[in-house]
Amino acid sequence: MKRYRHYNKGTAIILSCFGSVIEQEKYLEFERYIQDAFSNIDIFTAFSSKMVIKELAKQGQSYKNLPQVMADVDMMGYKRYIIASINVFPTDEHEVLMRMVEGFRKFSLANIRYTNPLLQKTKETSLYLKNLDEQIRGGDEEIINLYIIHGVPVLNIGGLEAVNYTADFLKRLNPRNLSCSLEGEFPFYALKDAIKREILTFTTRKAKLKVQIVPMLLVSGNHYDNDMQEICDEVGNYADAKIVDSVTKDEKFNLIEQEAVREILKQNISIELKKLGC
């Protein structure tokens with residue numbers, strides 16, 4: 001087939017990330033981490049947020065979304081490439097990624113695969129959440145951890161089971177683990193009174209209630225600076241509240257710099273590389 005002669009390069013990896021106006025460097029540093037891990041494979045990075053891409057363009061920074069990067073990689077002639085889903089849950093962003101891959105498969109002669117997001121497999125998810133909770137709790141069983149995810153836009157989307165499992169698993173680990181979202185399913189703005197009642201059930205005469213706000217976000221961008229702080233201030237009206245201390249080199253808590261998170265995402269890529277015969 002004449003068309004296939006143009007596919008004369010080997011393997012590539014495309015990191016599909018959401019993007020961040022103020023924390024974009026964290027994604028680029030993660031790209032360098034993946035490049036070091038797979039030094040013999042070309043790495044590309046795409047961003048799904050058009051708002052982020054447009055805002056960064058105003059600052060003179062040029063980035064592309066996933067279809068654009070896939071088209072570039074296809075035009076460059078890679079025979080096979082993997083789209084790494086750099087997302088927390090297999091929800092809306094991951095669903096869009098899968099549809100894009102299926103679209104390209106209809107006309108591209110390349111072998112294209114995609115990875116799982118961070119929290120999809122039950123064993124990996126369970127062990128990660130258990131270790132994270134132990135780490136940020138630091139042996140203090142009196143601390144109340146309020147885990148906050150970004151949230152999903154609609155209730156009939158795939159991946160909701162992963163979100164619900166995460167919330168249920170954390171609660172079973174410790175009854176002082178609570179969860180909500182910034183928007184979408186179980187949002188804080190609609191549940192803040194219920195969360196307050198639940199937190200206050202732990203009131204004792206011995207010590208003041210201590211609450212840690214735990215942002216389950218890959219990077220600590222605008223949501224961290226605005227929404228998480230707003231939630232922290234709200235909870236601070238009736239408890240000793242703070243955003244959880246960072247467990248990475250950055251002073252702001254984030255997921256993408258955590259070694260356990262990177263290991264899961266890297267392993268997801270390795271699995272798909274093996275399926276490609278690499």
Side-chain angles (χ1 to χ4, degrees), residues 88-89 91 118-119 122-152 155 159-248 250-261 264:
V88 180
F89 295 105
T91 49
L118 177 64
L119 302 181
T122 51
K123 182 178 180 180
E124 289 176 346
T125 297
S126 302
L127 291 176
Y128 169 70
L129 293 174
K130 184 175 185 295
N131 291 336
L132 176 64
D133 193 66
E134 290 174 352
Q135 188 175 18
I136 64 176
R137 190 172 290 282
D140 188 345
E141 293 301 313
E142 299 300 312
I143 286 179
I144 300 166
N145 286 329
L146 177 56
Y147 288 88
I148 303 177
I149 69 167
H150 182 274
V152 295
L155 296 175
L160 272 180
E161 181 58 34
V163 177
N164 293 332
Y165 176 80
T166 295
D168 192 33
F169 182 83
L170 288 168
K171 188 73 171 179
R172 294 190 184 203
L173 270 182
N174 192 310
R176 291 175 177 254
N177 284 336
L178 310 178
S179 61
C180 65
S181 68
L182 294 178
E183 55 192 57
E185 188 186 38
F186 300 117
F188 180 81
Y189 65 80
L191 289 176
K192 58 184 178 181
D193 290 337
I195 290 171
K196 177 180 178 179
R197 287 195 302 270
E198 192 164 4
I199 289 175
L200 291 179
T201 61
F202 300 111
T203 302
T204 66
R205 295 182 179 179
K206 295 181 180 180
K208 187 176 182 180
L209 290 172
K210 293 184 291 184
V211 180
Q212 292 187 135
I213 309 301
V214 187
M216 295 295 282
L217 305 173
L218 280 172
V219 301
S220 48
N222 282 323
H223 282 309
Y224 184 101
D225 291 342
N226 300 320
D227 303 299
M228 296 299 170
Q229 190 58 57
E230 183 178 335
I231 291 173
C232 187
D233 292 342
E234 178 80 26
V235 176
N237 290 323
Y238 55 86
D240 183 6
K242 69 170 187 176
I243 299 177
V244 65
D245 292 334
S246 178
V247 295
T248 65
D250 194 305
E251 63 179 12
K252 295 180 179 180
F253 185 91
N254 67 86
L255 301 186
I256 203 167
E257 290 183 324
Q258 295 176 19
E259 189 58 40
V261 168
I264 292 173

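Just so we're clear, the structure is a prediction, and the values are computed from it rather than from any experiment.
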Legend entry - Point-to-point distance, once rounded to the nearest 0.5 Å, from CG of L191 to CZ of R197: 9.5 Å
Legend entry - Atom CD of E251: over 12 foreign heavy atoms under 6.0 Å: no
Inset, instruction - Please report the C-alpha distance between I231 and K192 in whole Å, then the side-chain angles of each, then the deciding distance to 0.1 Å, and finally whether the side-chain contact (heavy atoms from CB on, under 4.5 Å) criterion is met. - result: CA-CA 9 Å; I231 291 173; K192 58 184 178 181; over 6 Å; no
Legend entry - Nearest heavy atoms of L173 and L129, plus distance in Å: CD1-O, 4.1 Å
Inset, instruction - Output the distance between atom CD1 (I143) and atom NZ (K242), rounded to the nearest 0.5 Å. - result: 7.0 Å
Legend entry - Closest contact, heavy atoms only, S181 versus G151: CB-CA, 3.8 Å
Legend entry - Any side-chain heavy-atom pair of F188 and E234 under 4.5 Å: yes
Legend entry - side chain to side chain contact (heavy atoms under 4.5 Å, CB included), paired with L146, selected from I243, N177, I213, V244: I213
Inset, instruction - Would you give the length of the straight line joining atom OG1 of T203 to atom CG of L209, rounded to the nearest 0.5 angstrom? - result: 4.0 Å
Inset, instruction - From the options L217, D225, V219, select the one residue that forms a side chain to side chain contact (heavy atoms under 4.5 Å, CB included) with K252. - result: D225
Inset, instruction - Please examine the side chains of L132 and Q258, heavy atoms only from C-beta on, and report whether any two atoms are closer than 4.5 Å. - result: yes
Legend entry - Y238 side chain reached by V235 side chain, heavy atoms, under 4.5 Å: yes
Inset, instruction - Could you tell me whether a side-chain N or O of S220 sits under 3.5 Å from a main-chain N or O of Y224, the two making a donor and an acceptor? - result: no
Inset, instruction - Give the intermediate values and the outcome of side-chain hydrogen bond (donor to acceptor under 3.5 Å, both in side chains) for residues Q229 and D233. - result: CA-CA 6 Å; Q229 190 58 57; D233 292 342; 3.1 Å; yes
Legend entry - Donor-acceptor under 3.5 Å (D168 side chain, N164 main chain): no
Inset, instruction - Can you establish whether the number of heavy atoms outside F202 located under 6.0 Å from its atom CZ is more than 12? - result: yes
Inset, instruction - Compare every heavy atom of F169 with every heavy atom of K130, then report the nearest pair and how far apart it is. - result: N-CE2, 4.0 Å
Legend entry - E142 and its salt bridge (Lys or Arg N to Asp or Glu O under 4.0 Å) partner, picked from R137, R176, K210: R176
Inset, instruction - Mind listing the closest non-hydrogen atom pair of I136 and Q212 along with its distance? - result: O-NE2, 3.2 Å
Inset, instruction - Please round to the nearest 0.5 Å and tell me the distance separating atom CE of M216 and atom OG of S179. - result: 9.5 Å
Legend entry - CE-NE2 distance between M228 and H223, expressed to the nearest 0.5 angstrom: 8.0 Å
Inset, instruction - May I ask you to test the T166-F89 pair for a side-chain heavy-atom distance under 4.5 Å? - result: yes
Inset, instruction - Take atom CD of E230 as the centre, draw a 6.0 Å sphere, and report whether it contains more than 12 heavy atoms from other residues, nucleotides or ligands. - result: no
Inset, instruction - In sequence, state the C-alpha distance, the side-chain angles, and the governing distance for D133 and Y147, and then conclude on side-chain hydrogen bond (donor to acceptor under 3.5 Å, both in side chains). - result: CA-CA 10 Å; D133 193 66; Y147 288 88; 2.5 Å; yes
Inset, instruction - Starting at CD of E124, measure out to CG of L119 and round the result to the nearest 0.5 Å. - result: 9.5 Å
Legend entry - pair C180-I195: side-chain heavy atoms closer than 4.5 Å: yes
Legend entry - Minimal non-hydrogen separation, S126 against Y165, with atom names: OG-OH, 2.5 Å
Legend entry - Closest contact, heavy atoms only, D245 versus F253: O-CD1, 3.7 Å
